[in-house]
Amino acid sequence: MSFVEIKEISKNYGANHVVRKVDLNIEKGEFISLLGPSGCGKTTVLRMIAGFETPSTGSVTIDNEDVTQLNPAQRNVGMVFQAYALFPNMTVADNVAFGLKIAGKPAAEIKARVAEMLELVKLPLVGDRYPYQLSGGQQQRIALARALAISPRILLLDEPLSALDAKIRVSLREEIRSVQRKLGITTVFVTHDQEEALSISDRVVVMNEGRIEQLGTPPEIYNQPRTRFVASFVGTLTIMSAKIVDPVARTLTIGDQPVKSRLSPKGKSGDEITVGLRPEAISLGKARANSNSLNANVTDINFLGSILRVKMRCGAHDIALDMFNQNMSKPPEVGAPVTINFDPNDLVILDA
Amino acid sequence: MSFVEIKEISKNYGANHVVRKVDLNIEKGEFISLLGPSGCGKTTVLRMIAGFETPSTGSVTIDNEDVTQLNPAQRNVGMVFQAYALFPNMTVADNVAFGLKIAGKPAAEIKARVAEMLELVKLPLVGDRYPYQLSGGQQQRIALARALAISPRILLLDEPLSALDAKIRVSLREEIRSVQRKLGITTVFVTHDQEEALSISDRVVVMNEGRIEQLGTPPEIYNQPRTRFVASFVGTLTIMSAKIVDPVARTLTIGDQPVKSRLSPKGKSGDEITVGLRPEAISLGKARANSNSLNANVTDINFLGSILRVKMRCGAHDIALDMFNQNMSKPPEVGAPVTINFDPNDLVILDA
Amino acid sequence: MKNSKIGAWLAVILGALYFLLPLIATFEFSLRLKRGEYSFEAYKIVLSDPDFQSAFTYSIVLAIVTIVIGILIVVPTAYWVQLRLPKLRPLVEFITLLPLVIPAIIIVFGYVRMYNTSSILPLTQTALGTDALLSFGYVALALPYMYRAVETGMRSIDVGTLTEAAESLGAKWPMILWKVILPNIKSAILSGAFLTFATVIGEFTFASLLNRPTFGPYLQLIGAKRAYEPAALAIIAFIITWACMGLLQVAGGAMRSANGAKK
Amino acid sequence: MKNSKIGAWLAVILGALYFLLPLIATFEFSLRLKRGEYSFEAYKIVLSDPDFQSAFTYSIVLAIVTIVIGILIVVPTAYWVQLRLPKLRPLVEFITLLPLVIPAIIIVFGYVRMYNTSSILPLTQTALGTDALLSFGYVALALPYMYRAVETGMRSIDVGTLTEAAESLGAKWPMILWKVILPNIKSAILSGAFLTFATVIGEFTFASLLNRPTFGPYLQLIGAKRAYEPAALAIIAFIITWACMGLLQVAGGAMRSANGAKK
């Protein structure tokens, strides 16, 4: 029995099906991300766990208790919103104390708990300030402290980093992960940012059009995307068509050049299939043993800072290759013929 | 004589100095980005070129004509806004035709030019639609077409990609670059996104607090940041303190471990200086000839999708290392002692 | 959650009753001119009264003049304030709220004092002058509604950026106002116009003190002399008002959906 | 750009004159009670009139009662509509706009008809009953201002998310309304209250038709009998109103700066 069990929940507003039969089990202490484009239903799933929406069908169980019909105040879950949602009329300390006061805790206990929480989010000295006196990142830390003060059974985070600047976004996400590990609290995190989801989670749930597309650990999602949607939504992927030569020997051709794959392609000799290749899985240079190699021509080079993206034409396909920008290494020249190498492991065979 | 000459322009609102004596020459056909955090004055510089703000001091010259006192309608510049700013009451074709109608061109010429512009932004079939019927990316392409229709002397882009989704942002920035190259139009692009600025520009102007911090080609800005601000704003940089051993032999110590630099550090033996190291410039493994090596301990590994970021402790410093996520390579384990290598070229010596 | 929904519906229904019950009572009474049966006799009498016809026509003309002057004053002012003088907005808002809180009687007092027959500009000497004065008074009275409507309309489109976009394409001020701003706040202006119309049709104090034969004083005159006809008149006024409000909602809805689609 | 600034200032100044000139004329006239010199004699007479004092006190009490009832009706309604029934907003806005466009005279007609001495609820039989009716009428009259103010206040804070945040921390509805929502829309409520106050103090039609001794009918009574005192009364009414508006601006400014800082 998992700590949180979501059974076939659906949500529709009239004919508009926002969530379609989502099943999800979350273990105690796990950090789960719901990842997908806007409108994929990820936030609605989170809001059904929190109790802000009632599922049209299905049930939500937390710690063996069916909470489907309970209102949010009865569920004992902590929630952090994209818009911070601190109470503007209260000091930081009063914000953090709010849930404890509602629960009728004694004043001394509240005071100690507030201090502990502010310490936890590394803002021990701002208790007397008002929310508008804090930066966005600080406000979101306080919102986290407020949500955790009531010792919730699960922590729900609804795009908590989207309103912040790039640098703060990275540091706060590491902060959230470290607080979560320290407390061992079961956490559900909603985001549309794939790097965020991959870097922070134990498992990632990729959603699209109200359904779960793929569920797995970050490396599984990234390295073995099962559908074309996951492959293109998570990371960059060059998508090519290939032709099966021998399904048993796992040999294919791309254009007219032979390559090998690690997994057997589904289909028979001569079938067209779709394969993908990550820009960072490819390297330049002479063909090596056991690796695939293709001949291509460099068409463009983009300088992206830490990375140089080399764009190449290989038959009918445009292939992208990423290499680190290092002072020593020289990028190839535009127009030059090159040979690219990649491991059979890195050739992703897509279902559709 | 450069095509656009900006001479010591300043802008202050009362005691608030938004732009402080900015000098900038832009060559004909050049693509220049103004990069900086919000409030650094980059947008105000752009607006002074466009004529929406009048400089408090200094002058703007375009094509040998001093335009400092001209109003925007007299300058013949094309402007694209973050908010698209298409006229909601007009069709796409009428939007693109607006500037031509104002200029009193004959109807047949307008019609041909509109068709040409829609072709240029690869949306030839949407002329009869209204802006609200288009996606954000499409609207921004139309805004680009509208700005270019009047054959402006320069094209000004004010964070044109900020309101768009990540994937569309990348494809539209490549589009903008290719249109700019095709027309050879002098372009100034304002952004707070360093990858955007590095990937799209001929030269990048990094601004901070109303001043130009550094001006150079993208690789110059990225590989040889001159100030701590540029180094930390553009890309990721591990900042460490080092001690000069011998300024002539270019030897330093980080912690107690000896390293070499390519450039001579300013100072004498025993002085403390600040150095920086990019996460992607470091590699794991045994010490190689001519390269620096340091001993460190792995403290954390972050999976970021295409990249694994390895965090290490080296004496008093936290060092980050980036490696590509490849199915074949195994990341080191947390807690393991490792030796890291980097080229003397990659050790950045910061002025402050 | 379901309880709160019932509560909200209850509040809405109570609010509706608050206004509708008096209306229904008035309507019921207006039908009772003939003893023992309901009839529209009172309406027939009212509608065939030539005084009613002239008073009503007069009020409608006044309303239209007021609307035109109001638009000419409000639109450029709101545009300039929003574009160039955002700091002045509180002041302008204050000024446009004044008519809501200065009793009409004070404004008229002042007008009569300023433009009487012995003043420099003796507007009250002639009927046309008084009419001009009256419609200026009405412009003032309707200012809050017109300004609010236009201002809301301008805020819903990004006036500043649209203006800059048009400027950078070479357009000048009158052109921008006419081609870019006006077409996009059409429905806001319409909604302000309807509110102005309703205000002018129902106004009494100004017309009565300046002694002009509008619909308001006519209503009062009938009210003093007859029993059922005033009720019928009140219902007629309400229907006209209601038609205005309906159009306003349609205009507002069109504006909202256009904006919604834009996002 | 400089031309347009001058134009905008000119528009603002003209607008100000539009309202201020009649006021100044009235003020100047009110000082001329004593022949050949300016004096505050008219004010002395008015302020020492016991009828003025009682009418004025009566109006203030009515205004306060109206404000309290208005807040109790508007705040929960606006909260529920914004939170649970956003689809109803156009309808509720329509209802709250009704008093602006239904002439007051119609509402009173209906009230008198419904609550007369022969009806089921003969409110007009007793003075207290009529007072109750009067203040209900005033609540309706002031509804647009109160509702708009409260609704704007609620929109400026993110009512929905704040409510959800409080709910997830275990708070129930009355607690959320009292501890989270009300403190954050205090200044909006205050601004609605001031507008209500100004409306009630200056109102004439209701009070006169229901025959209650408020400030409005007193003003009219004096206006019919005297020359200079009404001008003085108008100025007094204006000063009170102005004080209200000033407080409103202060409250609004405080709200705005708090919101500005929040961002």
Side-chain angles (χ1 to χ4, degrees), chain A residues 13 43 46-47 49-53 70-90 94-105 129-136 139 142-159 163, chain D residues 71 75 78-89 149-191 251-263:
Chain A
Y13 302 100
T43 296
L46 191 82
R47 290 173 62 80
I49 303 175
F52 299 128
E53 309 276 352
L70 296 186
N71 66 41
Q74 298 166 319
R75 292 193 183 194
N76 190 24
V77 296
M79 181 96 182
V80 175
F81 301 86
Q82 179 178 345
Y84 321 144
L86 295 179
F87 306 129
N89 57 310
M90 300 182 199
D94 286 341
N95 263 285
V96 178
F98 187 84
L100 302 166
K101 279 184 190 150
I102 298 279
K105 304 275 181 202
R129 297 213 209 143
Y130 281 89
Y132 71 86
Q133 296 171 307
L134 304 180
S135 71
Q139 287 191 53
I142 299 302
L144 182 65
R146 182 179 67 176
L148 291 170
I150 56 167
S151 309
R153 295 188 289 188
I154 30 175
L155 177 63
L156 305 174
L157 303 150
D158 186 9
E159 307 232 11
Chain D
I71 292 174
V75 174
Y79 181 55
W80 267 319
V81 167
Q82 189 145 358
L83 213 61
R84 294 288 169 202
L85 301 165
K87 276 182 201 155
L88 279 189
R89 205 157 65 200
V150 169
E151 216 236 354
T152 310
M154 283 195 181
R155 279 205 212 197
S156 75
I157 60 170
D158 184 351
V159 170
T161 315
L162 286 185
T163 300
E164 290 185 349
E167 271 186 290
S168 77
L169 294 167
K172 302 221 165 49
W173 290 90
M175 175 75 97
I176 297 173
L177 203 53
W178 184 248
K179 288 271 190 184
V180 176
I181 305 303
L182 267 185
N184 287 310
I185 57 165
K186 236 185 312 185
S187 48
I189 292 176
L190 220 58
S191 102
M255 188 167 69
R256 258 190 299 275
S257 69
N259 285 333
K262 218 168 52 187
K263 273 172 193 166

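Just so we're on the same page: letters track the sequence lines, and every chain starts at 1.
Put simply, of A83(A), A73(A), A147(A), A50(A), the one with the most heavy-atom pairs under 4.5 Å next to chain D is A73(A). Comparing Y84(A), F87(A), F98(A) by how many heavy-atom pairs each has under 4.5 Å with chain D, the most go to F87(A).
The two residues Q82(D) and M154(D) come nearest to each other via the heavy atoms OE1-CB, 3.4 Å. Here the closest heavy-atom approach between residue Q139(A) and residue L86(A) is recorded as O-CD1, 3.6 Å. For the residue pair S151(A) and N76(A), the shortest heavy atom distance occurs at O-ND2, 3.6 Å.
Between D158(A) and R47(A) there is no salt bridge, since no side-chain nitrogen of the basic residue lies less than 4.0 Å from a carboxylate oxygen of the acidic one.
L156(A) does not touch chain D: none of its heavy atoms, backbone or side chain, sits under 4.5 Å away.
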